[in-house]
Amino acid sequence: MLSHLRDGFSRDIGVIVNTFPPVPQELLPQDGRFGAGPSKVRPEQVEAISRAGAQLLGTSHRQAPVKNLVKEIQEGLREFFGLPEGYEIVLGNGGATSFWDAATFGLVRHRAEHLSFGEFGSKFAQATAKAPFLEESLVISTEPGSMPTLEVQPGIDVYAWPQNETSTGVSAPVLRPAGIDDDALVIIDATSAAGGLAVDISQTDVYYFSPQKNFASDGGLWLAVFSPAAIARVEEIIQSGRWIPDSLNLHTAMENSRKNQTYNTPALSTLVMLAEQVRWLNQQGGIAFAAQRTAESASRVYSWAEKSSYAAPFVKNPKHRSNVICTVDFDESIDATRISQTLRQAGVVDIEPYRKLGKNQLRIATFTAIEPDDVSALLRCIDYVVEDLAAK
Ligand SMILES: *Cc1c(COP(=O)(O)O)cnc(C)c1O
């Protein structure tokens with residue numbers, strides 16, 4: 001029996017447990033959660049909530065116990081990313097989506113350039129494009145499954161792209177482009193990359209993410225690593241007198257974060273689960289451990305797909321394939337939806353492709369919390385279901 005079902009979570013994730021599961025028990029993974037976010041939460045994180053329940057939950061975020069928890073997260077992330085001198089961990093409510101609006105107000109001086117190669121990169125591009133106080137954004141797009149090339153231009157003061165495009169499973173290098181304006185900022189959407197992929201933070205000015213992906217917590221919060229140049233930009237824009245709504249004001253977020261707080265009330269259970277995951281990651285060996293583990297899981301998926309007669313990696317260039325989100329195309333003769341529906345009945349969930357992509361594919365998260373052996377079990381289950389469907 002899948003552990004998250006055994007623990008009584010079956011109703012919460014919408015799984016109907018059949019008396020006769022459509023896949024033999026012995027093939028099933030220990031944990032059947034392979035979603036791209038919300039994603040698998042480790043049992044130890046749930047235990048941490050129940051421990052916190054006795055003291056921390058239901059107490060003020062302006063008092064020492066919660067502030068200490070926030071501080072532990074900030075220090076844990078500082079260690080995990082090996083932050084250079086002067087970099088700070090800033091956090092606030094609203095998730096990465098809300099951070100796009102905050103960044104539009106508080107980080108772009110005149111003009112931003114965006115690489116857009118899927119849903120998430122395009123959404124930040126839309127946010128700056130709509131801002132009446134900014135010049136027209138330069139948006140460089142390519143088809144889903146590929147990656148565009150950056151153009152360096154004078155007058156661009158923000159270069160932005162996702163390290164991992166969660167909608168397609170394309171992963172982009174994080175390198176400060178040569179020849180950009182002296183004080184241009186590099187702003188990386190690391191929502192689904194942070195905690196799972198290696199990064200050299202000194203190549204970035206803002207590295208932001210939400211905790212419901214590799215950090216295996218819940219949504220609703222954003223966290224961002226700010227460089228001294230990013231901090232200076234926030235201050236410069238505040239001084240310019242630009243109108244900024246208070247809840248999207250990064251200066252306010254910075255001031256609160258320095259006091260281990262958020263501007264308004266955070267979800268405490270999200271912080272508890274995040275702190276537990278950061279602790280675990282650092283104990284296991286930090287970012288090198290995480291990157292190695294996701295690389296192992298992803299290589300199992302891609303090598304299986306390459307050998308398979310009916311599946312193939314969606315991302316054609318192996319260098320662009322993500323180690324945390326693996327997208328796999330299926331032959332026309334096989335309906336990928338039937339695979340995901342059948343596996344859902346067996347408690348193996350959330351391998352549907354990104355809804356707007358409209359491809360005959362499956363999308364498998366290989367986040368750090370997910371066991372590589374569970375990924376192998378999932379692949380065996382897919383093979384089983386495909387053969388079973390063909391026999392019918
Ligand atoms: C999930 C995701 C987002 C959106 O995160 P929210 O916390 O839901 O706002 C943004 N960017 C990327 C790359 C993501 O994977």
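Order of appearance sets the numbers: ligands from 1, and atoms from 1 within every ligand. Only heavy atoms go into these numbers, but all of them, side chains included; no hydrogens, no water, no symmetry mates.
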With heavy-atom distances below 4.0 Å as the criterion, list the atoms of ligand 1 near [X].
X      : result
Thr166 : 12 (C), 13 (C), 14 (C), 15 (O)
Ser192 : 15 (O)
Ser210 : 5 (O), 6 (P), 7 (O)
Gly95  : 7 (O), 9 (O)
Trp100 : 10 (C), 11 (N)

Looking at [Y] and [X], is there a salt bridge between them, counting it only when a charged N and a carboxylate O are closer than 4.0 Å?
X      : Y      : value
Glu371 : Arg42  : no
Lys259 : Glu255 : no
Glu136 : Arg111 : no

Ring centres under 6.0 Å, that's the criterion: do Phe209 and Phe215 meet it? yes
Heteroatom distance test (Ala96, ligand 1): nitrogen or oxygen, under 3.5 angstrom: yes
Can you tell me how far apart CG (Asp157) and CD1 (Ile237) are? Round to the nearest 0.5 Å. 7.5 Å
Counting heavy atoms only, which of Thr191, Asn164, Thr97 comes nearest to atom 12 (C) of ligand 1? Thr191
Are the side chains of Phe99 and Leu107 in touch, meaning some heavy atoms are under 4.5 Å apart? yes
Looking at side-chain heavy atoms only, is the closest gap between Pro154 and Asp181 below 4.5 Å? yes
Within 45° cone of Tyr354 ring axis and under 6.0 Å: Arg363 NZ or CZ: no
Would you say [X] contacts ligand 1, with heavy atoms under 4.0 Å as the rule?
X      : answer
Lys213 : yes
Gln212 : yes
Phe124 : no

In the protein, which heavy atom is nearest to atom 11 (N) of ligand 1, and how far is it? Asp189 OD2, 2.7 Å
